[in-house]
Structure formats: structure tokens, C-alpha cells
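All residue numbers refer to positions in the sequence shown, counting from 1.
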Amino acid sequence: MTIFAILRRTRLRLALACPLAMVAIMLAAPVGANEFDLAGPALRVSIARGGVTLPLSQVPDLATGDRITLAIDLPREQGARYRLVLAFLRGATNPPPKNWLFEAESWKPKKASIVAVVPEGAQQVLVLLVPDTKGAVDAVSTAIRGRPGAFVRASQELNQAMLGSARLTAFAEQLRRRDAADAAAVSPQLAKSLGVKPDPACLERQPHTRAGCLTQGSNVAVFADSQTNSIAQTLAGAPADIALQLSGTPQGGFGYYSPYIGVVRDLARILGAFQSAQLQFIPALSVQQGATTQLLLNTVPSFRKPQSVLVAALPPVAPPALPPIEAIERRALCANRPNLLIPVAGAPLVFATDYARQVAVRVRTRDGQTRDFPVSADVAQGGYVLSAMAAPAALEPQSTGMLHGMWGFTPFEGPTIRLAAATGAAWTLAETTPLVVGRDTPVTLIGGAAACVAEVWMEHGDARLPAPIVEQDGDRLSLKVPLTGVEPGPVTVLVRSYGAEQAQRLHLRALSEGSRLTSFDLHAGDRDAVLFGTRLDQVATLELAGVTFRPQALTRAGVTDQLVMTTDQAAVGTLQPGQAGQATVTLIDGRTVALRVKVAAPRPTATLVSTSVVAAASPPLPITLTAPDIVPQNGKLVFSIKAQGTTRFTANTQIDIRALDPTVIKSVPVRLQDTSVAIATFVPEDALGVSAHGPLTFRVVENGAAGAWMPLATLVRLPTLTAFTCPGNGACVLSGSDLFLLRSVSPAPSGAARIAIPDGFAGATIEVPRATSRRLFLYLRDAPDVAASIPYPS
């Protein structure tokens, strides 16, 4: 069964070429050729560095001085003899010396293996199985030294193919073992962990056909990276600009497909013409399993002229690209919880390969020592599982742990995680939280480790009812006690925590509360008003001077209810400022309560007259904003408003502003032209903070009365662009900081062929194609439908 769905879907083949007429290197198979589903021989490869020896399956990269031990597993009855060749390369334009090729005679036990040290300057490593034919090894050596660039390209592409194969194989293997319902349930997390996008129709099949559906034919599982949705669409006759988009994605396999996709078509076309009557080279895809590397072929080897030379790649000789593991859960995790899951994301190869090893959580204990607790990767849950943390009581109630381990031979540090440990501290009821019967009452408990609470329930008589947990943070636990239909009297709340043998019992008393009305805040001219009091959930209507108000949103501030009430009667406009009267409040059960009401003065109203933006200090590469109502965060916004109706501006007038977050409201300085026109000036990031963005609104506050919120502008955060270059005929490079503030870029004013910027992008450069419009159009995360722009370099 094929394991590399992308190669199958796109009929992708790798190509090498030799300048000699006597040697043909034919790695580019014709359209319609067989896929990588033919089992070849197996290799046994180990790498030694610094006194540590690892199998190839645990080595993502090689380094100068590494000791490579290489052998081939062939059956005893093997008839054809192969010479095992290990070749070091040093780049596309620098032919390797002859002594960088090592060979072994696989049929001779004492000469069947190769032991070689990675030389200084080596960048790629190839393994070749050459038929034992006179002059074949010399021909291969001459080919490599004559056209090193083709072999370098083959090494890069075979390595990236192996990484992609590992991800897709891990996905298919997980689903093969599950029934249809379980597969459908677990597939979203599998796809997220491994960075693939499966065909949903495949998940409904039986287990024995599901994996084949996901990796064969048109029902292909593709890499779900941020640059493309379908690798197949790109290579099956797609425009060149899409291929260029793909060619700009990062290497390394940590969630992005490799750059070779965008150029492999040209490679196959150019090098596929080289032929010879002696040899032909065929690619071998590596499947790493423990101590063995299985080779898969896409072409049947030939033992007649032209005889086949099998080509496989070892990891590149390069600095380690450590996995960018990110923590998903920002809240504290309970150290007492059995099989604690630490959710992580950002590095599919952590789940698809054995490169990450000796991974553990490092925690500092109360005595100042550090301890490591081993964890294991669980692709189906999308994180690392800590089976059992020994002696969690030795930890602080709130502490920090760090994921760390080895990436091959290189130590790496993962994200930090917050840990909570149950110390046996008793939960108590917060003093300001009364229990009131008749509704689900929010309650806050303090004193224990909130993250370690497994469940909470309430006992009242013979009834046992769950108390839903609303929030768990630090030593505070917010929940809702189900008091609907419960009579006043004693109730018991039980809190069960991980690691505790018994649940803690809190003996509380539920109180009754009647409807108590405090005030009715109504301004002349308003259709909405606010009723203050307690047990306002029992209010049905309020009638004042023939105008009936009905309940809308109910909120609670401390021990006081606030009920927004509204009316659609035009008669509300006849209520005058200062007018006093008695309102009748009707409860749901039919009772009525009288409430004295006085109509307040009208709320201040104003309209926006004009706005202007004074740009901040010019950045290295200025961004042009095309929409007039867009305000950069670091610009100075000046706007004027005009009073409406009876509103008159005074020295006590205030103007409040806010952005997307309604909890952040700031007053800005005001200057009066006269009593009807006011001018305000502010810098958004100074007033609202560096994270503020989205629609800006303002309101007028006069003598404590606040007007309605009115639209002002749209606040956007801009990246700092430092350079934009277009070298040669290749892709252009945009450099700067805070590039995650861009949602996409486009070379066309219409927004066509947009290149999406990944969420949380932390890089300093992005590649964009050239365009004839002479401007690059930027779409911001804070205003995705509005295009900003910068000029292309001249």
C-alpha cells in the first residue's frame, strides 16, 4: 500500500542527471509510472556523536564529525550483488573530492558495512546501491562530481518526501485501528497534530479500506499548511505564481510543505532527457522504523542494461532545526491528575517521527531542587501525557514546569506550563457571595487548587445535583449552585479533587430573597432604562405614565441586579426631564410593587464632524493606507464633534473612547471651539494600549450622564517594514517585525492571488511574487477587507 499520498496524487518524481554519455541518471519517471509502493532492501544506519549512538530514525540532522555506520540487509539467497556507496556532497556548485565516496561489498561479511566520518564542509549525504558491474562505481563517482547540483536537489527532495510520508503514514495508521465513529471523532485532532487535511468521505469507510482511501487516488490526505489547501492542484497544471507561493514556505517539515514542490516540474523536464545503455538511477524513499530504514521504490529495478542504481538520502548536514513546540493550554494543569495531558501544537514531526526523545517536564520542588518527569507523545490527544507525577505534594501549590528533551543529539527546550498541586487546603465560601434560592446562583470558593478540582455537586435532602464549574484559576473556583426549585435551608456542596481520597464537604445555608426595587434610571428621550434591585428575574413589566417597559438583559454586580428594560411606545417621548411619578412593577407571579421614579435630563448627544490623522515618525518603509477612516495605532487622531438637540458643551464635558474591548474605556483631552463644537486629540496606543484594535467609538459624558456610543474610525496595528527587495528574477522578499499583523499580501490591486500569513507568524521575512502593478497590497488582520500598500523596489 502506498504511504506517500502526495507523490501518488501529483505523480511527482525526482530527477538526477549525469554529463557522461555512458551513464544515465533517470530519477524522473514518466507520467503514469508506478508509485512508491514496491518494497526494496532495508538499511541499518546508526550515527555516533559525542559518545552517544542513535539509529537513523532518531537523527533529524547530521554534523561534521558524526560517525556513520551503514550496512544493508539482504536475504541470504540474494542473487544480484550490490556495492553499497556512501557519498558526501558539499553543495550544488562545489564538486566533492573523490575520497568523499565510500563503498562496501555487501556480499562479503567482513566488507559489507561502511564506517565513515562526516567531513568538514559536507552538506548532503547520499546512499547508493550500485550493481556489481565493472566500472559502475567509477561512473557513479564521475556523475556525482560532474553534476553535483542534481544530486544535491535529489537529496533535499528525498528528505522532504520522507518527512511528508512520515506524517501521512502516522495519520493513516491511527485511523486504521479505529471504527468509523471513533475515526470521525479523533480525526480532527489527528489532522491538527500532524498538519494534514483528510478527505472526510474516507473517514466513513471500514477500517481495512479507510487508510487506503486516505492515501490513494483522488481521495488524498494533503498537508493542511497555511499556504495552500491542495498540493495536487498546484502541480496538476496550476499557474506558476501558486508554485512560487509554495516555494517560499519554510523548510524543516514543522507544519509546512517543502519548497521543492514549486520547482520539481522543471527539474523533471530538464534532467529526464539524459539516458544511457549502462545505468539508470531510481529514487528510494526512506521509511524509518526503529533501527531499520526500509527503502520503497517507485520503479521496478532492472538487472539488465541499463541496470538500476538505487538512490536514498540521509539527513542533511546542517545546524539542528529544533521543533517549535507551542503550549495550547494557558491555564494551570493539575499535577495530581492521572495521565495528565499537556496539549501542544506547532511541530507535526514530534508526533510523526522518533526525533524527539527523552522528553520530560522539569519542575522545581519546594526544597529548591529540580526534578524531571518523563512524558510520552500522544498524537490522538494532541500533546504529551504525563502518566504519573511522583510526589506532587513536593511541589508548590502554583509552579511552572518546562518541557524539554533531545532532538536527535541536540537538547531542546519546549514551552513552559503552569502546574497546580493539591495541597489539601480547605475550600471556603467567599464572604461576598450569598446563596439565594430560586435560581442557579453563582458562587466563588477560595483556598484550594482550582485546577485540581475534578467535579462539584450539591446535596439537598435526598437529591444530588451537579454544580457546573464556570472558571478555575489559582485558588479561586467559580461555579453555579443549582438552587432552582430548592427550599431555603441547609445545603451541602461537595468538591472532589484529583489526588484526594474523599470529597470536601461545605455546609452552607440557602437564603430566600424577595424582589426588592431600588431605582429606575430613565433619561428623557430614551426608550431604554435600567431597573436596579434584587430578584429582578421575577419582573414582568414596569409601567410609568401609561408607558410600558419590558425586561431585556439581566446582569448582577455584587449583590445588586441590573435589569435593562425597553419600550416601543412613542409616548415615551412625552416624558419630560424632572417629571416625577409612581411606576407600577408587575412580577411574574402577578404581584405588583410600587416604585417612585423621576425622569432624568436627556443624555448628551453629538455627531462626528471631521477626523484627521497625524502620522507618527516615518518608519523605514512607510505603509500607505487607502481608506480614509483607517487610523494607525501609533498615529495621532484629531476629531471634532457637534452637539445635537439640547446638548451644550461645558468645561465639565468629557469624551470617552473605546476599541474592540468594551472594558477598556478612556477619556481623552477636549478643547472647546464653543458650546456646540469640541475637538479631541489622542494617540490610540497611548490611550488604549498596544493590543487595542478594531472599530473605534466615542461617547459624550456631561455631568455624569453618558450618551450613546457613536462610530469614530477603525483602529489598525501596523507591522514595521524595514526592507523590500526583488533580487534577480526570483521572488521578492519583504522584511520587518510584527509581520503577524498582516493577514495576507497580494501582488494585484484586485486582491487576487493573495498569500496568507500564518496565525502567530514569528518570522522576520516573507516571500512574495513579482507583479506588474508596481505596488504590493497588504491586508491587515485588523481590517482584512481594506488594502494598504507599499511600492515595489525600483
With ring pair (Phe, Tyr, Trp, His ring centres under 6.0 Å) as the rule and sequence neighbours excluded, what pairs involving residues 659-680 come up?
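Found none.
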Pairs involving residues 526-572, ordered by first then second residue, that meet ring pair (Phe, Tyr, Trp, His ring centres under 6.0 Å) (sequence neighbours left out)
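Qualifying pairs: Phe520-Phe549.
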Working to the nearest 0.5 angstrom, can you tell me the gap between [X] [atom1] and [Y] [atom2]?
X: Glu455; Y: Arg496; atom1: CD; atom2: CZ; answer: 4.5 Å
X: Leu479; Y: Glu471; atom1: CG; atom2: CD; answer: 11.5 Å
X: Ile623; Y: Leu718; atom1: CD1; atom2: CG; answer: 5.0 Å

Of all residues at least two apart in sequence or in a different chain, which pass the ring pair (Phe, Tyr, Trp, His ring centres under 6.0 Å) check with Phe649?
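Ring pair (Phe, Tyr, Trp, His ring centres under 6.0 Å) check on Phe649 returns nothing, list empty.
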Run the ring pair (Phe, Tyr, Trp, His ring centres under 6.0 Å) test against Phe698 and tell me which residues pass, sequence neighbours left out.
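Phe698 satisfies ring pair (Phe, Tyr, Trp, His ring centres under 6.0 Å) with Phe639 once adjacent residues are dropped.
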Can you check salt bridge (Lys or Arg N to Asp or Glu O under 4.0 Å) on Arg330 and Asp473, steps first, answer last?
CA-CA 11 Å; Arg330 302 302 179 188; Asp473 186 24; over 6 Å; no
Scan for disulfide bond (SG atoms under 2.5 Å apart) pairs involving residues 619-713, sequence neighbours excluded, and state none if there are none.
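Residue pairs with at least one partner in residues 619-713: there are none.
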Please list all pairs passing the disulfide bond (SG atoms under 2.5 Å apart) test where one or both residues lie in residues 599-703, with sequence neighbours left out.
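Qualifying pairs, neighbours excluded: none.
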For the pair [X] (side chain) and [Y] (backbone), establish whether a donor and an acceptor sit closer than 3.5 Å, ignoring hydrogens and angles.
X: Thr605; Y: Gln644; answer: yes
X: Arg550; Y: Met565; answer: no
X: Gln569; Y: Ala571; answer: no
X: Thr567; Y: Thr548; answer: yes
X: Asp475; Y: Ile446; answer: no
X: Gln472; Y: Ser478; answer: no
X: Asp674; Y: Val677; answer: yes
X: Gln654; Y: Val670; answer: no
X: Gln576; Y: Thr574; answer: yes

Test side-chain hydrogen bond (donor to acceptor under 3.5 Å, both in side chains) applied to Thr484 - qualifying residues, sequence neighbours left out
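Result, side-chain hydrogen bond (donor to acceptor under 3.5 Å, both in side chains) vs Thr484: Asp440.
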Listed by chain and number, what are the side-chain hydrogen bond (donor to acceptor under 3.5 Å, both in side chains) partners of Ser789, not counting sequence neighbours?
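Testing Ser789 for side-chain hydrogen bond (donor to acceptor under 3.5 Å, both in side chains), a comparison that skips the adjacent residues, returns Arg775.
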Only counting residues at least two apart or in another chain, list the ones meeting salt bridge (Lys or Arg N to Asp or Glu O under 4.0 Å) with Asp661.
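If we apply the salt bridge (Lys or Arg N to Asp or Glu O under 4.0 Å) test to Asp661, skipping adjacent residues, there are no hits.
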Inter- and intrachain pairs under salt bridge (charged side-chain N to carboxylate O under 4.0 Å, His left out), touching residues 690-708, at least two apart:
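Of all non-adjacent pairs touching residues 690-708, those that pass salt bridge (charged side-chain N to carboxylate O under 4.0 Å, His left out) are Asp656-Arg699.
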For Ala600, which residues count as a side-chain contact (heavy atoms from CB on, under 4.5 Å) partner, sequence neighbours excluded?
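Checked Ala600 against side-chain contact (heavy atoms from CB on, under 4.5 Å); matches are His523.
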Derivation and outcome, side-chain contact (heavy atoms from CB on, under 4.5 Å), residues Thr444 and Arg476
CA-CA 7 Å; Thr444 300; Arg476 300 181 67 85; 3.3 Å; yes
Decide side-chain hydrogen bond (donor to acceptor under 3.5 Å, both in side chains) for Thr566 and Asp528; before the verdict, give the C-alpha distance in whole Å, the side-chain angles of both, and the deciding distance to 0.1 Å.
CA-CA 4 Å; Thr566 188; Asp528 296 334; 2.5 Å; yes
Solution key, residues 679-691 side-chain donor-acceptor pairs under 3.5 Å, sequence neighbours excluded:
none

Go through the steps for Val453 and Ile469 under the test side-chain contact (heavy atoms from CB on, under 4.5 Å), then give the verdict.
CA-CA 9 Å; Val453 174; Ile469 297 174; 3.8 Å; yes
side-chain contact (heavy atoms from CB on, under 4.5 Å) assessment of Leu721 paired with Leu734
CA-CA 7 Å; Leu721 304 182; Leu734 182 62; 4.2 Å; yes
Criterion salt bridge (Lys or Arg N to Asp or Glu O under 4.0 Å) on Arg603 and Asp526, from CA distance to verdict:
CA-CA 8 Å; Arg603 296 182 186 276; Asp526 284 359; 2.6 Å; yes
Can you find a heavy atom in the side chain of Leu508 that is under 4.5 Å from one in the side chain of Val493?
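In short, these two side chains touch, coming nearer than 4.5 Å.
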